[in-house]
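What follows is a set of notes on a single structure, which appears directly below.
Everything numeric here is computed off the predicted structure, so don't read it as measured data. Naming: A, B, ... by sequence-line order, numbering from 1 per chain.
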Amino acid sequence: MKFIADLHIHSRFSRATSRNLDLENLYISAQCKGIQVLGTGDATHPGWFDEIQSRLVEAEAGFYRLDPNQASICDRWVPESCRGEVRFVLTAEISNIYKKDGRTRKNHNLVFLPDLETAQRFNRRLEKIGNIHSDGRPILGLDARDLLDIVLNLDARAFLVPAHIWTPWFSMLGSRSGFDSLEQCFGDLAPHVFAAETGLSSDPEMNRRVSGLDRLVLISNSDAHSTAKLGREANCFDTDFSYEGIREALAHPENGGFCGTLEFYPEEGKYHLDGHRQCAVRLTPAETRKLEGICPVCHRPLTLGVLHRVESLADRCQGQPRPGLPFSKLVPLTDILAEVLQCGAVSKRVTEAYRRCLESLGSELSILQEISPDRISSLDIPLLDEAIRRVRQGRLVIDGGFDGQFGTLHFFTPAERRRLLGQQSLFVLPGSPAPVSGRGGPVRSEPIQTSWRDPSPAAPSAANSAGSLMTDAQKAAVEAMKGPVMVVAGPGTGKTFTLTRRIVRLLETGQASAGQILAVTFTQKAADQMQRRIADLMGKGRDLPLIGTLHGCCYRLLQQIDGDRPMTVLDEDHRLELIRDAMTLAAQDDLSAPFSVPQMLGWIEAVKQRIQEPSSGGPPAHDVPARRFYLRVFEIYRNLMAVQGFLDFDDLVACMVVRLEADAELAASLKRRFVHVLVDEYQDLNHAQYRLVRALTEPGSHLFIIGDPDQCIYGFRGSDWRYFDRFSDDYPGASVIRLQHSYRSPQSILDAAGQVVAGCRDGRRRLPLKATAPGRRLNLIRTESEKAEAVAIGRIIEQMVGGSGFEAYDFGKVDSAGRGQERSFADFAILYRTHRQGGMIAEVLEAAGIPCRLASRRRIWDTPHVAGLVCWLRLCMGQGSFFDLERAIAWIAAETSGSDLKRFKKWCHARGYGLAEGMRQAARLPVQGLNAARQHRMIALFADLERIGDEIRDRPLEARIDALLEKTRLGEAFDASPAEAGLAALAEWIDACRDETDLLLHLSLSADADLYDPRGERVALMTLHAAKGLEFPVVFIAGCEDGLIPLIGAEDLDEERRLFYVGLTRAGERLFLLTAARRMCYGRCENRTMSPFIADIDPGLLEIESVAGRPLPLRRQTQMSLF
DNA sequence: GGACTGATAGTTTTT
DNA sequence: CTATCAGTCC
């Protein structure tokens, strides 16, 4: 069957689209236009998808029609001459913005989906990658190749077509955004792409000059943002009337199902020629080349159009024969009428004439293509017949479009018009305009003054320290092998680099075997990173040294020392639960709790971190009842832990220290074993950890420490930078090496940071850091409110990424000539003091379509079903707690209630049973507080648990998890809710772990894992603390106000200063400091003043800007930019 | 024991 | 503003 399809349109849920773009209007307009098949567009948008689901019904396979009742109502609005069937296919456009091979890429891709179910799966998949709610054309920081991968894995029938492949800003081959070939863009998956969309500004003829595209079918669509633009380009098919028909026709053009396209005259497209709209300069590619791409008015790079781009990639000359299907070029009927009637395309006269045409002649496409001039002239619209004839013959003149401005049409010269109107001739006159070649010469008007802020974008960051060049100091640090070495490594001086190189050198020169090296870091992330880097440098299959966090290493060593004694390390939730139990038990002895559970946890931690007795910590001495209660709780807590064989984090280190200090033999053997000990971030050691390092080394040991006292920001949990400064006393004769060359930040940022940290009252002497580049001033932006602050950040990001949608350019909002270096979302970080601040910023940015990664304290296994699974695992391995049991039974049909379990727990606590012992005893002894029936049900429950445990015990870990999912309701939960990400992270750990003990250790010791798909590029939002060790080209520090930095109530102002210092030095190129004049604080609106730390920065280093409190934000009214 | 009310305090966070 | 906890009532 023959049909015409427009497969790329948008709904009203996309930015800058007409409000009336709903399915009904599309249905009506498609008929008026003469289109039989429309892409739905925006199928990724939940709102639009809901509409699709509720209003459309499947007609042919993968073809959907408007609900018949609705359709008959709509038909009344369609002239009878135009009526016909309309089908929808599920399509969506994705805006991919990402970095590849060092350049920011921005391309748009059309996705075709065979049915609603697949679309739903697609949306669920994308939801994890980015925000699909805020825009019908979602912006994802996702590599186009990875998008294609997702599409291919979705369903064999789904496919992807790169959209309007030539436009400069957002396309596969775009001059400012793209690649030079399909293969570069899609890599290994390129063979799966079989079609490309040419876009308005190019036609098949131009495309065929590039032989790399020969293999592709070229399709054309309207990309309509309003119903009026529907079908300005379209595709002709003669194939099965179904989704599969379309796919087949495109994938196998040799079978003839695809018959070519209806094209817009490319010259009329917005990006045909080169130029600057703001400067009113339009140029042909040849002229642009003569000017070397520079605008003669503003002397900035010109926006290169599609023709230019085609010519630069073309390997066939113009006019050379080339393959391809027939196509015809059209001009929208309203444009023709506007020209004929000499008035605007949206004027009333044109609208009326248009309506009249449709009513008498039929659909627009039939008028443009088929209806004979005789019939057209019968309408009595002067010149219309002649104009349409000329369009069909290609006899019109178009001033080519450029830099976002449509080209303009000319059918008749004034003289000609007079003549034609005079004689109403039906035959072609000699001397009418030649076929299009474009009156594209440079058009110049008065230079327009444009303002731009960013005349000299900062140079890209200097040579990275990962290169093979080392500074002398780095070299010294890597090569000083004997005795204790202390390295003071300021921010960006290549700390990790130095550390890894040193380990590799130790191994390579044979000075130490892998087993003789112990390297400790502070975070799991740092340990993983170091392990990876060393593995990369050493090559595969080599033994690697023990590299881990202090806690992880202690665990391993304790395990080795004690053989297989089971050790379960409790995570924070468990500890709190246990303390709660302990406090409840203590309260029974007639005492009420004068403090909170977290407070108690803090005291316990503090005491353990100092390796002291409980009596040396806790509530102040004068509060006698509180102290009594505290001591009692502490004791009970210890007992509860001991009974079940639990350890907490601090116990790991403390136990190790106690063992080493008490057992000289053991200490000596470990000292013999670990000849080289390396400690990263030494300034963050707390007392117990310091004692541990001391106990593992002698004063003359080959102990290598590296760190930066100015970056000690964990004082609140016991870290003390003084251990760092004391190193030379503890280890006399230690070599001291200072790394002072920063590869990360420019001088301006280092200077400002240095001025801030110099304000510390610690009396330390500091040496200045040197940068490679001078850098530009720091921007200090003062805003009215926290919302305005977020909006200001968003605007800057939007501008630096170069606008995330066409709109930004098409409406002239962003100065396309004066933009700075292109960035992608992953280049930005927004830092703040408290988590609370992150929420608002993320909300504003997400709403504007900027993808964010909000670092949260919640971890992946905090989602109920992942947490449930972990509880089950622990229980089945005999390492469960009462807490695990309570949570686990929620996932089976248990007849035992939570309160029964509480009574059971109380009974166990009273008798000193752990869970396992308690479960055994409950089978034979009466449990106090439970009647016989309840106890029987509980015993039955325990038997069930036992049985499940027995059944799965001998299976490998993965099979065990599968079985658990099957035997409990966990499986349903994982199926129902989109927490596959959680399961995936778990699976990753399972892969990485040797055995279940390892896994459980990981689960309680390991840091948060991201819920986000790492393939999606996002702006990072995190606290200043979390930013430590990271770097970003562009850094925003939000809330630079008194009360936030330094935080109100902070005891150690120096630490707040260091924290700010850490934040400042994360920036590789640009640093923005933001303040709000007013901020909501605990529900109250507070006036704010600037952080005193900013006053310590030389004003000459700051560029201060105030953002006025204009009303926020006019989202849909202006549609100018994302804000 | 569970549902309600009112008072109160409220960083930062890795393991 | 909101989570938490203690106290109150049924």
Base of dT12(B) and ring of F716(A) stacked, centres under 5.5 Å, planes under 30°: yes
Length of the [atom1]-[atom2] vector between [X] and [N], whole Å:
X        : N       : atom1 : atom2 : value
D573(A)  : dT4(C)  : CG    : P     : 11 Å
R836(A)  : dT13(B) : CZ    : C1'   : 16 Å
K906(A)  : dG1(B)  : NZ    : C1'   : 12 Å
F595(A)  : dT8(B)  : CZ    : P     : 19 Å
Q837(A)  : dG10(B) : CD    : P     : 18 Å
D1054(A) : dT12(B) : CG    : P     : 21 Å
L1047(A) : dT13(B) : CG    : P     : 11 Å
L652(A)  : dT15(B) : CG    : C1'   : 8 Å

Answer with base, sugar-phosphate or nothing: what part of the nucleic acid does R833(A) contact at a heavy-atom distance below 4.0 Å? base
What's R575(A) touching, base or sugar-phosphate or nothing? Going by heavy atoms closer than 4.0 Å. nothing
Does [N] have OP1 or OP2 sitting under 4.0 Å from an N or O in the side chain of [X]?
X        : N       : value
R903(A)  : dG1(B)  : yes
T1023(A) : dT13(B) : yes
R717(A)  : dT15(B) : no
H835(A)  : dT13(B) : yes

So how far is it from I1037(A) CD1 to L1059(A) CG, rounded to the nearest 0.5 Å? 9.0 Å
Run the numbers on R717(A) and E605(A) for salt bridge (Lys or Arg N to Asp or Glu O under 4.0 Å), then give the verdict. CA-CA 8 Å; R717(A) 58 170 213 240; E605(A) 278 180 341; over 6 Å; no
Check whether the ring centres of H909(A) and F882(A) lie less than 6.0 Å apart, and answer yes or no. yes
Compute the centroid of each ring, for W721(A) and then for Y682(A), and state whether the two points are separated by less than 6.0 Å. no
Would you call the rings of F634(A) and Y630(A) parallel, tilted or perpendicular, where under 30° means parallel and over 60° means perpendicular? perpendicular
Assuming nearest nucleotide by heavy-atom distance, tell me which of L550(A) and I1048(A) is located more 5' along DNA chain B. I1048(A)
Counting heavy atoms from C-beta on, name the nucleotide in dC5(C), dT12(B), dT15(B) closest to the side chain of T549(A). dT15(B)
